[in-house]
Amino acid sequence: MSRFRFTRRLPAVVAVAGLALAVAACGGESSSAGSAPKAEADQLNPNADLTKQSISVTVWDGYTPKELPEKVKAKLKVQDLKIALHATNEEAMTKLTAGGDSGIDVAFVSGQYAQALNEQGLLEPIHPELIPNLSNLYPEATQLSYDKGNKYSVPYTWGTTGICYRSDLVKAEPKSWNDILNPPSWADKKVTMMTTERWLALPALKALGYSVNTDKDDEIAKAKELLLKAKPHLLGYDDTTFGDKLTSGEAIMVEAWDGWCPTTNDKQNIKFVVPKEGSDLWVDTMVIMKSSKNKEAAHAFINYILDPEIHSWAAENINYKVPNKAAMERVNPPKGSLLGIKPAELLNGESIIDLGQASTKYTRLSTEVAAQ
Amino acid sequence: MSPARTRPATALRVRRRLGAFVFLTPGLAYLVVLLLVPLALVLSYVFFQRGRFGGVVYEYTTENFSRLMDPLYLRVLGESLQIAALTTVIALALGYPTAYLIARLPRKWKTVALVAIVLPFWTNFIIRMYAWIILLNGPGLINSALKSLGLGPFDLLYNQGAIVTGLVYSYLPLMVLPLYAAIEKLDPQLREASANLGASGFTTFRKVTLPLTVPGVLTGCLFVFVPSFGNFVIPEMLGGGKSVMVGNLIRTEFLKARDWPFGSALALALVAVLVVLLLAQAWAARRA
């Protein structure tokens with residue numbers, strides 16, 4: 001079972017202290033959440049000489065094949081491919097928005113961060129004529145609410161959040177978010193929820209029938225009530241090791257991302273369900289920076305990633321669904337794998353979008369829940 | 001005084017100053033670059049607004065200070081103080097007898113005992129925390145052992161008790177070492193004199209040994225209190241995320257919420273508490 005979610009959403013447990021971060025980025029970023037100054041597309045030359053261009057990519061550790069630089073150099077004849085790593089979206093944002101030229105051509109970030117970057121005018125619009133492999137994507141993959149029509153981002157992986165559970169230990173299969181918010185007595189103190197703020201709020205917001213992107217104070221307050229009521233019945237909050245807790249039997253139901261729910265472990269009948277109230281749709285995307293001086297090579301790189309042979313690597317090796325029809329058709333999912341969730345089902349989920357300044361409401365909510 | 005005598009003295013003084021400069025520069029540079037500059041940055045961030053992607057927007061505000069007064073954050077600060085204080089008291093209660101016994105061991109065994117005290121540091125911290133999880137959790141070693149005796153299971157993990165256990169375990173060596181240093185250098189003749197004058201072992205301890213080792217006690221307490229107060233890994237791993245300490249808050253503000261100015265305000269509050277404690281320790285040590 002892959003551990004990559006760990007590096008994606010949470011900084012390593014022994015993360016850099018805040019002070020060190022403060023030094024790293026002296027350049028502040030002025031915000032203008034309301035207006036969305038989207039960048040104009042550059043004139044790109046489809047016949048540009050790629051041997052004169054080199055590409056710098058920032059991506060989560062372990063999220064692309066190790067031998068990618070050699071393959072890209074051999075295939076695209078670019079001068080060089082440099083891979084920089086980030087542990088979290090936040091770290092990538094610091095890198096990309098510290099002011100001036102970040103030196104990054106292509107960045108892997110989650111959908112809501114791509115949206116925010118675009119609203120700041122930091123992204124080059126995608127030139128579809130330079131990425132013929134876009135036709136490999138599922139039609140659903142062009143209907144992502146943060147970027148309909150893939151105007152400035154190309155999806156790399158996608159999935160959802162649900163309840164991961166031990167079918168051999170539960171007395172009834174969970175169907176609703178209320179099964180973890182208000183667990184039956186046989187599951188008391190055997191349930192975990194996620195701690196990252198937007199995913200902490202998700203079960204409560206969905207159980208109440210609200211949007212996961214709500215910024216209404218009364219809705220968030222009601223969600224908080226529900227979360228506080230749930231707290232005494234939880235084993236703990238966890239978004240890194242819930243899989244282990246399930247395997248050890250400490251927990252029998254956990255809020256989990258699909259790619260992290262160890263369903264392929266055949267000894268232990270672990271199953272995954274998207275509760276009936278609905279859930280989210282998370283997407284990790286590739287974007288091209290406006291400041292890039294190698295935009296033709298950057299497009300060629302994305303096109304290469306969308307090649308079924310390359311793109312299927314993610315599904316086979318890190319157990320994430322990829323929005324690439326041709327790539328998914330190549331994959332032989334192991335027994336119990338969640339790779340079979342259909343794109344149409346995924347699209348029922350609501351994309352988490354960036355809320356600008358309103359996101360502080362969720363920070364406060366998670367602090368209040370944790371500190372009670 | 002003849003000029004012939006002052007000149008070598010001046011030359012000596014210059015040489016000494018030069019020597020001091022050469023030897024102090026690396027240490028001072030370290031402090032300036034890695035302590036004063038970051039602290040100044042943190043201090044300046046407090047007065048500005050949050051940037052959307054982290055960082056700061058250079059618009060003046062005092063809101064970050066008023067937010068600190070919010071009961072929500074004050075309670076977290078208070079709880080962190082409580083947990084750190086409890087940790088320190090327990091570490092002292094365990095550490096003092098340990099240090100005392102080590103100091104009275106034969107020389108050969110002293111080294112062995114001291115190495116044993118430091119030995120846990122040779123293993124990665126996170127691995128040792130996982131070991132505690134395996135010991136304490138529901139199906140874990142302690143609960144299985146109790147079960148075979150017909151007891152339990154008890155909720156040993158994911159609560160404040162587990163946090164304090166983890167903190168005491170992690171920082172106990174920092175209590176034992178300064179205490180050992182203080183007890184070891186005590187002149188044994190003082191204790192003998194006390195005994196010769198008819199004091200019982202306990203009276204000698206209370207009237208001679210303890211007062212003379214107060215500086216060591218204060219240093220040990222500080223060494224344990226400071227890292228416990230700001231810790232965020234142990235509350236997350238052993239506390240199950242169900243309680244927050246100020247370190248967790250700061251980490252969340254910087255790394256998840258991207259609210260650097262408020263994270264800075266919290267960091268300054270933490271530094272302020274620690275400065276007060278350091279001053280109190282210095283004052284108490286001088287009186288002791």
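Numbers restart at 1 for each chain; the letters A, B, ... are given by sequence-line order, proteins then strands. As a basis for the values below, the full set of heavy atoms in this structure was taken, side chains included, without hydrogen atoms, waters or symmetry mates.
- Under a 4.0 Å N-O distance rule, the pair A:Arg364/B:Asp259 does not qualify as a salt bridge.
- For chain B, the nearby parts of A:Gln372 are the backbone and the side chain; heavy atoms of each come within less than 4.5 Å.
- Per-residue counts of heavy-atom pairs under 4.5 Å with chain A were compared for B:Val244, B:Leu72, B:Leu157, B:Val76; the largest is that of B:Leu72.
- Residues B:Tyr158 and A:Leu235 come closest through the heavy atom pair CB-O, 3.4 Å.
- Across all their heavy atoms, A:Ser248 and B:Pro139 have their closest contact at O-CG, 3.5 Å.
- With a 4.5 Å cut-off on non-hydrogen atoms, B:Asn159 does not touch chain A at all.
- Residue B:Gln49 does not touch chain A at all, counting heavy-atom pairs closer than 4.5 Å.
- For the side-chain contact (heavy atoms from CB on, under 4.5 Å) with B:Lys256, the qualifying choice from A:Thr88, A:Thr363, A:Thr195 is A:Thr195, the only one to do so.
- With a threshold of 4.5 angstrom between heavy atoms, B:Tyr73 approaches chain A through side-chain atoms but not through N, CA, C or O.
- The side-chain heavy atoms of A:Thr94 and B:Trp260, taken from C-beta on, include a pair separated by under 4.5 Å.
- Residue B:Glu236 holds its CD atom at 8.0 Å from CG of A:Asp238, rounded to the nearest 0.5 Å.
- Heavy-atom distances place no part of B:Asn248 under 4.5 Å from chain A, backbone and side chain included.
- Of the atoms belonging to A:Lys190, not a single heavy atom falls under 4.5 Å from chain B.
- Side-chain contact check for A:Thr360 versus B:Arg50: some heavy-atom pair is nearer than 4.5 Å.
- Atom CD of A:Glu250 sits about 3.5 Å away from atom CG of B:Asn137, to the nearest 0.5 Å.
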(request) Quick one: do A:Glu197 and B:Thr252 satisfy side chain to side chain contact (heavy atoms under 4.5 Å, CB included)? Show the steps, please. (result) CA-CA 10 Å; A:Glu197 41 206 50; B:Thr252 305; 4.2 Å; yes
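- A:Thr367 touches chain B through backbone and side chain together, each having a heavy atom under 4.5 Å away.
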